[in-house]
J.: 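Submitted below is the structure of interest, expressed as structure tokens.
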Amino acid sequence: MSAFAMAIDATFEDPNHGEDAIWRSGGTGPGLPVRILRLSPEAIIGMGDNRYDLDAMLISVRLSEVPFPTVGDQVDILNEMGALVETVEVTSLARIDMRRLVRTCGVSPLAPDDPDDEP
């Protein structure tokens, strides 16, 4: 294993950076336990005389854990105790790093099911 791959693994395994998650291909099935990095870049874009603050949510996953992430996959993000914190859906595939170890994906939060909602 290369020093770069070991550094990537150390970053994902570090409790200050990586988070436990369950990756569900296509949003179904029992899912696969993975470690993710949650990124929240902010950008300010201008259109004409107006400026807009663009909030985005990105997650990175090791391709050794999820070789083929796709749009529509769902990710259950867990806390330190293993309880569900948030479920997000992959909405775009942003990039793969130059050594092809990590894929960054654009995600959007899914609204939790409300048991009081009528069908």
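Everything numeric here is computed off the predicted structure, so don't read it as measured data. We number each residue from 1, following the sequence as shown.
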J.: Roughly how far, to the nearest 0.5 Å, is the CD atom of Glu65 from the CZ atom of Phe12?
T.: 7.5 Å
J.: For Val90 and Cys105, which heavy atoms make the closest approach, and how far apart are they?
T.: CG1-CB, 4.0 Å
J.: Would you say Leu84 ends up clustered with Val88 if hydrophobic residues are merged whenever their side chains have heavy atoms under 4.5 Å apart, either directly or through other cluster members?
T.: no
J.: Sequence neighbours left out, what pairs pass side chain to side chain donor-acceptor pair (under 3.5 Å) with at least one residue falling in residues 75-90?
T.: Arg24-Asp76, Arg38-Glu86, Asp76-Thr87
J.: Could you check if a side-chain atom of Pro69 sits within less than 4.5 angstrom of a side-chain atom of Trp23, using non-hydrogen atoms only?
T.: yes
J.: Same cluster for Met57 and Leu37 if Ile/Leu/Val/Met/Phe/Trp/Tyr side chains link at under 4.5 Å?
T.: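 No, no single cluster joins them.
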J.: Can you tell me how far CZ of Phe68 sits from CG of Asp73, rounded to the nearest 0.5 angstrom?
T.: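 One gets 12.5 Å once the value is rounded to the nearest 0.5 Å.
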J.: Does Ile36 share a hydrophobic cluster with Ile22, counting links as ILVMFWY side-chain heavy atoms below 4.5 Å and allowing steps through other members?
T.: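 Unlinked, Ile36 and Ile22 end up in two clusters.
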J.: Examine Leu110 and Val85 and state if one hydrophobic cluster contains both, with Ile, Leu, Val, Met, Phe, Trp and Tyr joined whenever side-chain heavy atoms are less than 4.5 Å apart.
T.: no
J.: Decide side chain to side chain donor-acceptor pair (under 3.5 Å) for Asp14 and Thr11; before the verdict, give the C-alpha distance in whole Å, the side-chain angles of both, and the deciding distance to 0.1 Å.
T.: CA-CA 5 Å; Asp14 184 327; Thr11 301; over 6 Å; no
J.: Any side-chain to backbone donor/acceptor pair from Asp97 onto Val102? Under 3.5 Å, distance only.
T.: yes
J.: Locate the shortest heavy-atom distance separating Leu39 from Ser60; write the atom from each residue and the value.
T.: CD1-OG, 3.6 Å
J.: Mark yes or no for whether Arg95, through its side chain, and Thr104, through its backbone, hold a donor-acceptor pair below 3.5 Å.
T.: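 No; zero donor-acceptor contacts below 3.5 Å.
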J.: Between Ile8 and Val66, is there a shared hydrophobic cluster once you connect ILVMFWY residues whose side-chain heavy atoms come closer than 4.5 Å?
T.: no
J.: Out of curiosity, Ile59 CD1 to Arg35 CZ, how far, rounded to the nearest 0.5 Å?
T.: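 Interatomic distance, Ile59 CD1 to Arg35 CZ, rounded to 0.5 Å: 13.0 Å.
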J.: Working to the nearest 0.5 angstrom, can you tell me the gap between Leu63 CG and Ile96 CD1?
T.: 5.5 Å
J.: Establish, for the pair Arg99 and Phe4, whether the NZ or CZ atom is under 6.0 angstrom from the six-membered ring centre and no further than 45 degrees off its axis.
T.: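 Geometry flag: set, cation within 6.0 Å and 45°.
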J.: Would you name the heavy atoms of Ala5 and Ser2 that are closest together and state the gap between them?
T.: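 Heavy-atom minimum between the residues: N-OG, 3.0 Å.
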J.: CG of Leu58 to OG of Ser92: how many Å apart, nearest 0.5 Å?
T.: 7.0 Å
J.: Assess the residue pair Glu13 and Arg62 against the criterion (salt bridge (Lys or Arg N to Asp or Glu O under 4.0 Å)); give the C-alpha distance rounded to whole Å, side-chain angles, the decisive distance to 0.1 Å, and a yes or no.
T.: CA-CA 11 Å; Glu13 295 304 324; Arg62 291 178 283 196; 2.8 Å; yes
